[in-house]
Amino acid sequence: MTQLAVRRARSGLARVPALAVLQYYLVGYRRTWRGGVLSSFLLPTLTVLGFGVGVGALIDQGVGGVSYLEWIVGGLLASTALQVAITESSWPVYSSLQWTKIYFAQFAAPLRVADILAGQLAFVLFRVLASATAFLVVTGLLGALRSPWAVLALPVAALLGLAVAAPTFAYAATASSDSWLALLFRFAVIPMTLFAGVFFPVESLPVGLRWLAYVTPLWHAVDLSRAATLGVSPVWSVTGHLLYLAAWVVGGWLLARRALGRKLVV
């Protein structure tokens with residue numbers, strides 16, 4: 001019966017090729033997950049303790065009528081999702097094209113370009129949700145969540161993950177050297193994390209920098225996540241935030257599919 005169940009499961013995966021690609025990454029992750037605990041779980045937790053508790057102790061009045069620890073949680077959750085998504089869709093993508101040639105083997109399986117891309121993004125989504133869930137549980141145990149609506153921060157983190165993973169995939173697929181990936185973190189990820197409302201209100205920035213923050217997908221996710229964890233309304237429209245992030249997903253998917261197709265299709 002067990003063998004029959006395995007055969008049925010495999011036949012089901014064959015009918016959805018992207019799930020077979022996802023299964024490949026999950027099997028590998030089962031053996032390597034310990035290496036990602038530091039970056040996707042411990043570091044965000046230490047950041048909460050360092051900034052939320054440490055810096056928060058110096059801010060007597062809090063932010064917006066709540067303690068700094070409670071205020072910062074939503075932003076840190078969104079920034080964690082951003083960093084996990086970009087990490088999983090940058091060097092792994094570049095490696096699969098330039099070093100290990102995994103995508104070429106998958107394409108010869110045969111799998112379609114869309115199947116390979118969908119499977120990779122599905123694994124990124126899994127990583128983002130796992131990290132965001134662990135982060136939410138820890139902050140809940142610390143008493144930093146003011147509202148049960150905080151669970152809605154998880155789908156927001158998932159949407160943000162796809163919104164940044166898809167264009168990052170396209171960028172990594174067209175990179176001529178892995179040095180370009182380091183530049184991505186230096187000139188995109190770090191500035192977004194610092195100036196997109198994670199650690200302080202965007203409204204405190206000069207007008208020009210404020211609008212640059214509004215353009216980033218991270219700020220939209222931060223506003224939604226913070227509203228969920230605090231149980232308040234976001235600064236901007238919920239519908240507007242979701243549509244903006246969805247536009248990043250669709251645009252990133254089209255760019256990534258085109259970039260991967262150019263590499264695989266001769």
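As the structure is a prediction and not an experimental result, all values here were calculated from the model.
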**Report entry** Side chain Ser225, main chain Ala221, donor-acceptor under 3.5 Å
**Finding:** yes

Query raised in the report: Does Ile102 offer a backbone N or O that forms a donor-acceptor pair with the side chain of Ser96 under 3.5 Å?
Result: no

Report task. Answer yes if the side chains of Gln106 and Tyr24 hold a donor-acceptor pair under 3.5 Å, and no otherwise. Result -> no

Report summary line: d(Leu154 CG, Thr133 OG1) to nearest 0.5 Å is 4.5 Å

**Report entry** N/O donor-acceptor pair under 3.5 Å between Thr216 side chain and Leu212 backbone
**Finding:** no

**Report entry** Side-chain heavy atoms of Lys263 within contact of Tyr103, under 4.5 Å
**Finding:** no

Query raised in the report: Between CG of Leu218 and CG of Leu82, what distance do you get to the nearest 0.5 Å?
Result: 5.0 Å

Report task. Answer yes or no: is there a side-chain heavy-atom contact under 4.5 Å between Val73 and Leu230? Result -> no

Report task. Establish whether Val66 and Leu152 are linked, either directly or via other cluster members, by ILVMFWY side-chain heavy-atom contacts under 4.5 Å. Result -> no

Query raised in the report: If you look at every heavy atom in Leu111 and Pro17, which pair is closest and at what distance?
Result: CD2-CB, 3.5 Å

Requested in this report: Working to the nearest 0.5 Å, report the span between CH2 of Trp91 and OH of Tyr94.
Outcome: 11.0 Å

Report task. Identify the two heavy atoms, one from Ala227 and one from Pro234, that lie closest to each other, and give their separation to 0.1 Å. Result -> CB-N, 3.6 Å

Query raised in the report: Quick one: are Val84 and Phe135 in side-chain contact, heavy atoms under 4.5 Å?
Result: no

Requested in this report: Please report the closest heavy-atom contact between Leu129 and Ala158, naming both atoms and the distance.
Outcome: CD2-CB, 3.8 Å

Report task. Could you state whether Leu77 and Leu141 fall into the same hydrophobic cluster, counting links through intermediate Ile, Leu, Val, Met, Phe, Trp or Tyr residues with side-chain heavy atoms under 4.5 angstrom apart? Result -> no

Report summary line: CD of Gln120 to CG of Leu22, rounded to nearest 0.5 Å, is 10.0 Å

Requested in this report: Take Tyr25 and Phe126 through the test ring-ring contact (aromatic ring centres under 6.0 Å, His included) and record every step on the way to the result.
Outcome: CA-CA 10 Å; Tyr25 291 114; Phe126 162 77; over 10 Å; no

Query raised in the report: Are the side chains of Leu121 and Leu125 in touch, meaning some heavy atoms are under 4.5 Å apart?
Result: no

**Report entry** Residue pair Leu242 / Leu224, side-chain heavy-atom distance below 4.5 Å
**Finding:** yes

Query raised in the report: Are the side chains of Leu97 and Leu264 in touch, meaning some heavy atoms are under 4.5 Å apart?
Result: yes

Requested in this report: Any ring-ring contact (aromatic ring centres under 6.0 Å, His included) involving residues 203-231? Give me the pairs, sequence neighbours left out, ordered by first then second residue.
Outcome: Trp211-Tyr214, Tyr214-Trp219, Tyr214-Trp236, Trp219-Trp236, Trp219-His241, His220-Trp236, His220-His241, His220-Tyr244

Query raised in the report: Do Phe104 and Val265 share a hydrophobic cluster, counting only Ile, Leu, Val, Met, Phe, Trp and Tyr and linking them when any side-chain heavy atoms are less than 4.5 Å apart?
Result: yes

Report task. Check for a donor-acceptor pair, side chain of Arg127 on one end and backbone N or O of Phe123 on the other, with a separation under 3.5 Å. Result -> no

Query raised in the report: Looking only at heavy atoms, what is the nearest atom pair of Pro217 and Trp248, with distance?
Result: CD-CZ2, 3.6 Å

Report task. Check whether Trp149 and Leu69 end up in the same hydrophobic cluster, where Ile, Leu, Val, Met, Phe, Trp and Tyr are linked by side-chain heavy atoms less than 4.5 Å apart. Result -> no

Query raised in the report: Quick one: does Ser79's side chain have a donor or acceptor within less than 3.5 Å of a partner on Leu76's backbone?
Result: yes

Query - From OG1 (Thr168) to CD1 (Ile86), nearest 0.5 Å - result: 4.5 Å

Query raised in the report: Under 4.5 Å between side-chain heavy atoms, hopping through other hydrophobics if needed: is there a path connecting Leu260 to Val250?
Result: yes

**Report entry** Gap separating the CG atom of Leu184 from the CG atom of Asp178, nearest 0.5 angstrom
**Finding:** 12.5 Å

Query raised in the report: Taking side chain as C-beta onward, heavy atoms only, is Leu162 less than 4.5 Å from Val124?
Result: no

If you look only at distance, which donor and acceptor atoms sit under 3.5 Å apart when one is on a side chain in residues 190-207 and the other is two or more places apart or in another chain?
residue, atom, partner, partner atom, Å
Thr193, OG1, Val189, O, 2.8
Ser204, OG, Pro201, O, 2.7

Query raised in the report: Sub-3.5 Å donor-acceptor pair from the side chain of Tyr171 to the main-chain atoms of Trp180, do we have one?
Result: yes

